[in-house]
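Please read the structure below before turning to the comments.
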Amino acid sequence: MALPVIPRGEMPPDETLAFHKHVCPPDFGGPNPDPLNPDLILSRNLLISIDLLLPENARVPMWIIEDPDDPVNGRVFPSKTIRIPRGALVNALVGCEGGTHTIHWHGIEPTPMNDGVGKHSFEVDGNFVYQFQPREAGTYFYHCHKNTVLHFEMGLYGLLIIDPDVPGAPFTDGGPGFCAAFSPATNHVIPYDVEAFWVADEIDSRWHTLGHDDFMQECDPENPVDPANFTQDGFLNDFRPDIFVVTGIPRRVNNPSPFSAADDPLFGPLVAPALQAGQTLLARILNAGYTIQQFTLGIDAEVIAMDGHALGVPPFQQYSSPFRLPAGTPFRLTTAMRHDLIITPASPGIFPVTIEYFHSVSGRRLFTARTAITVI
Amino acid sequence: MKEIKRRDFLKLAGATLVLAACSRGGGGSTEDQSGDQSPTGQPGAVSFNFRITEALVEMIDGTLVYSWVFEDTASGQPVLPGPVIQAEEGELISLTIENGLRENHSFLVPSAPGSPDVVDFGMIAPGEKVTKSFTAPSAGTYLYFDPLNAPVNRVLGLHGAMVVLPKTGNTPYSVPTPAVQQLFNDLGTTDHFPKHALSPAGWQRDRFRIWLMSQVDPAFNALAQSGVIINPADMRDNFLPRYFTINGKSGAFSSHDHSVVLSGRIGQPMLVRILNAGLFTHSNHLHANHFYVTSVNNVVRENVFNIDSFTISPLDRVDWLVPYIRPPDIAGDPDTPLRELIPNELALVIGGDIGVPQSPLVFPMHCHVEQSQTAAGGNYPQGTVTHFEFLGDIDGVDFPNAGG
Ligand SMILES: [Cu+2]
Ligand SMILES: [Cu+2]
């Protein structure tokens, strides 16, 4: 007896073009359609191909987003951090070469054309001026949102930090600076001395030989969901990382050596921070990979913010409060989640920090990254 | 005499979530029920009848995948996920499950961790029909599934959502925490949550969506079709999802299905009830608004985070309150109507003849573990994704084309 068929859904005739746009966004470029006078102008280009150097002297091809105004550190992985004072009206000049891309300012919430998602606006052909005005200080990130499964994994992302609008902002990576946190007496802005970035990611080497549009669907505006348009040979559902990364510093799966400040002149001190007893460390943590990441600190910490919003701070975070994370208490982040932690060590010591990576389907532990907070 | 009052339910084709047909006793609140007799003879009772059966389920790329599914015996139509069971806290639910397949099946509704299950049918033998009565638990979002040979029977399709509404109050819960109560009190009554000019203040209890997420690895479905009893360890170790669904739909279909899409105007908050029946750990990300996590696994949250991405693990039930505020980082004066601030964007059609208007304002919700955005190993973004649309401004003036 024939089995009944449950259909995949319906495409009403008047939504055919919207279905088409879902997989085949239009190209667009030029000035912002509704331009305002900017307080701050920044530039980013994509994509740039670089090689990530492994300790074994092997190389992995990466794609990054370039800061064309920084000839020294403009081409790094993760892509160069953007820092903006809260409230600044930003014009971001984005240039694209060798195919279309977008930039999504993750956690920043502007209009669709400034949100950088192709299927809700366009993919940038040539250049475009994104415009937004961040209203909450905290930890965000930016990334390409085209064929995101591949482009994000290839390295097209960087941290985006909104600093409080206090004198000295934007601050320098590594500290000192000020951040938003629950503190009614100081207008919810507190100082920190040293800043750590734990941006955890993984690399599946097989994916890093692919081209921009690999395994994408054929475009047919008349019948965008024709089964014949779908590719059937992709493996972007099958993530098998063999290299594990903390803020750009890589380790092969079989290399257990700790991540140290000496690993990289730029990112090493952000991964393995050092401070004096009595000073304040702000750790910005982002899951920029595709695994479940579990963080465990060997020192007490306080979780002060999530996803760019400081816990307890009115009006929007008044329903939450910061909370203490006793030493040894693990917490898990999945992709795109950010936690900001404040650590105030009272006495010297070397306090371990581990990041365990678990597969998103099997739950198996794939790797353990070890670094440390050094208190002198 | 007995009159079966059937709730509206959606037709099979094109519908994502089907509300279970139910016969309701005399304790209900609607006026046209006078004279109704509950089938169980009790006021305030509601009954549902499901059959466990098999069907071919069409994936987004046209592939047909054999699945185990529920069918509402009132409609005779198999659906995936199973029909939504909706009830009010304290109602007596009479549920009949018939096993139309060749192996044992079951039906379980877990509650909060450490609390007794809402209902557990034990073993239902092939051909057997079992009826159980239970009281609708505390208001919230529940997952039902077949727990036998876990996770196999559930992942092959035997899962669905149960929604329990509270008797009273302005929140989705029977006993909200102080933080959740304050959040719902503030909707439409405070400067940071202004209400839409033509809408009442507060969350309206019919403004919710269910996002029941699951995944399909057709290799295991093929084994089931051939009659093999799948080893659960084999599934846990080797499950490689090839299709990722919300309410059984993927990609462009889940993005245009009106039972999935978040739709509203600025100042019309909406609740999302998210469940994960599969084996993939999702990380759902909403653009344009940070949401509030109000309940996790039937525990109403004490500490209510306002965030943009959140973990949805296998078997999780997570509620988000989407405040539907104006996207806060739009450049320019927050008090200027958007039709004055972004007139050109609202008027634009990008893409020439085959373009789609930029108005109304539409954003995505997608899982950020981006493998879930694929179908058949590529074809981005044809997986776990849907729309979050803003039809009109706070002052009651809709954006162009919002009428549809
Ligand atoms: Cu993102
Ligand atoms: Cu996104």
Side-chain angles (χ1 to χ4, degrees), chain A residues 3-10 15 17-19 21-22 26 28 33-34 36 89 107-113 115 117 120 122 131-135 147-149 152 215 217 221 227 230-232 234-239 290 292 306-307 309 315-317 319-321 334-337 360-361, chain B residues 13-14 54-58 60-62 78 80 179 183 192 237 239-242 249 252-253 255-256 279-281 283 285 287-288 290 303-309 311 327-332 342 344-345 348 350-351 354 356 361-364 368-371 373-374 376-380:
Chain A
L3 291 171
V5 173
I6 300 175
R8 60 180 172 164
E10 271 177 357
E15 298 203 51
L17 290 178
F19 272 61
K21 187 176 180 180
H22 187 92
F28 188 75
D34 297 293
L36 297 168
L89 199 156
I108 305 292
E109 291 156 346
T111 69
M113 287 187 72
D115 193 42
V117 180
H120 294 292
F122 58 92
Q131 179 171 275
F132 50 87
Q133 193 168 7
R135 317 274 181 180
N147 199 10
T148 318
V149 58
F152 181 43
F215 310 136
Q217 207 170 326
F230 285 78
T231 64
Q232 293 292 326
F235 53 79
L236 295 176
N237 59 329
D238 185 10
F239 188 58
Y290 293 147
I292 303 157
M306 291 181 181
D307 294 359
H309 286 195
F316 294 113
Q317 280 279 36
Y319 315 97
S320 65
S321 41
T334 51
T335 309
M337 292 173 75
S360 65
V361 188
Chain B
E54 56 195 346
L56 298 176
V57 179
E58 186 184 22
I60 189 162
D61 63 354
L80 180 64
L183 170 64
H192 58 291
D237 289 348
F239 190 73
L240 176 59
R242 190 168 161 86
K249 301 288 185 287
F253 290 103
S255 295
H256 292 86
L279 286 171
F280 187 89
T281 296
S283 195
H285 167 50
H287 289 223
H290 279 47
N303 199 352
V304 180
F305 306 135
N306 183 217
I307 56 180
D308 65 46
S309 307
T311 310
D329 304 317
I330 293 176
I342 54 163
N344 297 316
E345 177 164 351
L348 256 181
I350 305 172
I354 59 166
V356 179
L361 305 179
V362 186
F363 299 88
H368 223 296
V369 191
E370 300 274 340
Q371 293 93 317
Q373 300 306 289
T374 65
N379 304 296
Y380 176 89

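In what follows, chains carry the letters A, B, and so on, assigned in the order in which the sequence lines appear, proteins first and then strands, with residues in each chain numbered from 1. This is a predicted model, so every value here is computed, not measured.
At a 4.5 Å heavy-atom cutoff, the contact between A:Leu17 and chain B is made by backbone and side-chain atoms alike. With a 4.5 Å cut-off on non-hydrogen atoms, A:Pro221 touches chain B through its side chain but not through its backbone. Only the side chain of B:Thr374 comes within contact range of chain A, with heavy atoms under 4.5 Å apart. Only the side chain of A:Leu36 has a heavy atom closer than 4.5 Å to any heavy atom of chain B. Of the atoms belonging to B:Glu54, heavy atoms from both backbone and side chain fall under 4.5 Å from chain A.
Heavy-atom pairs under 4.5 Å with chain A peak, among B:Asp61, B:Val356, B:Thr281, at B:Asp61. Per-residue heavy-atom pair counts under 4.5 Å with chain B were compared for A:Ala18, A:Gly107, A:Pro110, and the maximum is reached by A:Pro110. Chosen from B:Ser283, B:Ala179, B:Gly351, the residue pairing most often with chain A at heavy-atom distances under 4.5 Å is B:Ser283. Most heavy-atom pairs under 4.5 Å with chain B, from the set A:Pro134, A:Ser321, A:Pro112: that is A:Pro112. Highest contact tally toward chain A, considering only B:Asp308, B:Leu240, B:Asp237, is held by B:Asp308 [criterion: heavy-atom pairs under 4.5 Å]. In terms of non-hydrogen atom pairs under 4.5 Å with chain A, the most contact-rich of B:Leu348, B:Ile350, B:Val57 is B:Ile350. Comparing A:Gln131, A:Gln317, A:Arg135 by heavy-atom pairs within less than 4.5 Å of chain B, the highest count is held by A:Arg135. The choice from A:Phe239, A:Phe316, A:Phe152 that makes the most heavy-atom pairs within less than 4.5 Å of chain B is A:Phe316. Chain B forms more heavy-atom pairs under 4.5 Å with one residue of A:Glu15, A:Met113, A:Met337 than with any other, namely A:Met113. Here A:Asn147 is the residue among A:Leu89, A:Asn147, A:Ile292 with the most heavy-atom pairs under 4.5 Å with chain B.
One distance of note links CD of A:Glu109 with CD of A:Gln133; it measures 14.0 Å at 0.5 Å rounding. Atom NE2 in B:His285 sits 12.0 Å away from atom OG1 in A:Thr334 (nearest 0.5 Å).
With B:Glu370 contributing its side chain and A:Thr148 its backbone, the two residues share no donor-acceptor pair below 3.5 Å. With hydrogens and angles disregarded, no donor-acceptor distance shorter than 3.5 Å links the side chain of B:Asn344 to the backbone of A:Asp34. Between the side chain of A:Tyr290 and the main chain of A:Val149, a donor-acceptor pair closer than 3.5 Å is present.
Here A:Phe215 pairs with A:Phe235 under the ring pair (Phe, Tyr, Trp, His ring centres under 6.0 Å) rule; sequence neighbours left out.
Closest heavy-atom contact between A:Asp307 and A:Ala336: OD1-O, 4.2 Å. B:Phe363 approaches B:His287 most closely through the heavy-atom pair CB-CB, 4.0 Å.
With contacts defined as side-chain heavy-atom distances shorter than 4.5 Å, the pair B:His290/B:Pro328 does not qualify. Contact annotation: the side chain of A:Lys21 approaches that of A:Pro26 to within less than 4.5 Å [non-hydrogen atoms, C-beta and beyond].
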